[in-house]
2 protein chains.
Amino acid sequence: MNKMNKYFLSENNVPFQDYFNFGLSVDCVVFGYVGEEIKVLLVQRDAEPFLGNWALPGDLVPLDEDLADSASNVLQNLTGLENIFMEQFYTFGAVDRHPAGRVATVGYYSLVKSDNYHPIASSWVKETEWFSIKDLPKLAFDHDQILEKAVSTLKSRVKYRPVGFELLPTKFTLLELQALYEALLDYKFDKPNFRKKILSMDLLVQLDEVQANVSHRPAKLFQFDEMRYIELRKEGFAFDITVKG
Amino acid sequence: MNKMNKYFLSENNVPFQDYFNFGLSVDCVVFGYVGEEIKVLLVQRDAEPFLGNWALPGDLVPLDEDLADSASNVLQNLTGLENIFMEQFYTFGAVDRHPAGRVATVGYYSLVKSDNYHPIASSWVKETEWFSIKDLPKLAFDHDQILEKAVSTLKSRVKYRPVGFELLPTKFTLLELQALYEALLDYKFDKPNFRKKILSMDLLVQLDEVQANVSHRPAKLFQFDEMRYIELRKEGFAFDITVKG
DNA sequence: TCAAAAGTGTTCCGAATACACCCATGC
DNA sequence: GCATGGGTGTATTCGGAACACTTTTGA
């Protein structure tokens, strides 16, 4: 027994080494926005257990890799994307959540712009697919629960942080932004009021561009001003899209 | 090698078993409210590493214990308290965060009523003490970082959920509640307006009791109405104590 | 009677709401 | 012209902020 064991001994006197048999994994909930719907990227397993089942992209963390790095790496290996907004939301650690041993998993979610996103199926994955969060299959392991937690976390965070902009293409119209928020929060906003509120926040830059080839008045295109956001946060600015109680 | 390894193999082909050498721990940030100050319970280590240093109460998770149970058990072993509001806030998994091996730790915070709380030092702890979150010692491991994250999480959650009531004695006056929120949010509220706002939420029950032995007009005592809160949440009610931007 | 804190009422202002209306484009 | 969605202006309402005031107790 290692001399260090005493600092970690529980009442029941389990020796130190017995504690070091955990597996640690990360599971990524990748949100996208396609066709006015919030989607999530799932992978189909090509192996037991849960062969053929849909699951969240995830993997075991190597012993020599930081947790946050591991999350980025899993996403990158699976999707080829780098520098994606990514945030930890919850850790799941039920004893029997994994049939192969004791594995705790840390959930991360990310938001990607669907227009420059091209998923690549990795070795143990049969295929990848976007699913609407309103029409999900039964998932492997406890991934249903993980996904549900990710969705509720996203819905609550989106009200107080401009995470939503990550889901849209770089250039977007105000009505596209409104439709996104309506999908995220499941709430209809009044068009003039939504415009006023968003524009008064001073977070958008209006571009010298408009929509093309639309059979109605073309909308002006906007861009999220990240520098301005960082500055406003320093001043204690609170992004706040709340829905009527 | 286990047949299951292929489902978890990374690009670099590390075999399955090598992943299962993690330790998993929980660290508890126990908040209290004493003398109009937000305090946190720390323990002084009686052993290497970090002998003599203050640290968060925490312990390794046994392989056969659920994560959430482990958090309660650590708190109970250390404090004797049961059924305490307890919430996970973040998981820390840097490679070198623990000198004894690769240990990821899951942070939980809890809020306790100081009037019925009596900490008991456990075996590997020299003593326990409440520290104001405005005057903290240097902590062992990466506990500074964990505590900082807990504080920022508490400060943001307290605005949208009535967690604050957990810190007060069962019966309290409105000005005590106000002082608590002022300490939590580091903001001075206007007395009449704070009263109006809190009372309009319909979350408090006014008792037939007043303060005793005070050399001024005695304040009415109130109690948090948890049933009412659960009901209001169902209707989509949003508890909201926001401070001026 | 005075100090100290409890508790109330009222005005003012700005933000959110509701809603009516005009504009630009393709067909 | 007209359908379609883009975009603007305004009256009203509601809640928050500010602040002056009265009440009740102990000493």
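Sequence lines set the chain letters: A, B, ... in the order given, protein chains first and strands last, and positions in each chain run from 1. Here the structure is a predicted model, which means the values were calculated and not measured.
The B:H216 side chain lies nearest to C:dA4 when the options are D:dG7, D:dA17, C:dA4. Proximity note for A:P192 (side chain, C-beta onward) versus C:dT25, C:dA20, D:dA18: the nearest is C:dA20. In the set C:dA5, D:dT8, D:dG7, the nucleotide with an atom closest to the side chain of B:R217 is C:dA5.
Under the 4.0 Å criterion applied to side-chain N and carboxylate O atoms, B:D190 and B:K196 are not assigned as salt-bridge partners.
Taking atom NZ of residue B:K220 and atom P of nucleotide D:dT25, one finds them 11 Å apart after rounding to whole Å. Whole-Å rounding puts the B:Q211 CD to D:dT25 P distance at 12 Å. Rounded to an integer number of Å, the gap from CG of B:N213 to P of C:dA5 is 16 Å. Per the geometry, CG belonging to A:N193 stands 12 Å off C1' belonging to D:dT8, to the nearest Å. One atom, NZ of B:K188, and another, C1' of D:dA18, lie 17 Å apart when rounded to the nearest Å. Distance CD1 (B:I241) to C1' (D:dG16): 12 Å, rounded to an integer number of Å. In this structure, B:F194 places its CZ atom 16 Å from C1' of D:dG15, rounding to the nearest Å. Rounded to whole Å, atom P of C:dT17 lies 12 Å from atom CD of A:Q178.
Between A:F189 and A:Y187, the distance from one ring center to the other falls under 6.0 angstrom. Aromatic ring centres of B:Y90 and B:F92: separated by under 6.0 Å. A centroid separation of 6.0 Å or more is found between the aromatic rings of A:F165 and A:Y229.
For the pair B:Q223 (side chain) and B:K171 (backbone), a donor-acceptor distance under 3.5 Å is absent. Although no hydrogens or angles enter the test, the distance criterion places a donor-acceptor pair under 3.5 Å between the side chain of A:Y33 and the main chain of A:L180.
Residues from residues 195-203 of chain A that place a heavy atom under 4.0 Å from any atom of DNA chain C, listed by number: A:K196, A:K197.
A:K191 contributes a side-chain N or O that forms a donor-acceptor pair with the base of D:dG7 under 3.5 Å.
A residue-by-residue look at A:D190 and A:P218 shows that A:P218 has its nearest nucleotide of DNA chain D further toward the 5' end. Between A:S215 and A:L174, the residue whose closest nucleotide on DNA chain D is further toward the 5' end is A:S215.
Aromatic ring pairs are classed by plane angle as parallel below 30°, tilted from 30° to 60° and perpendicular above 60°; the pair B:Y181 and B:F239 is tilted.
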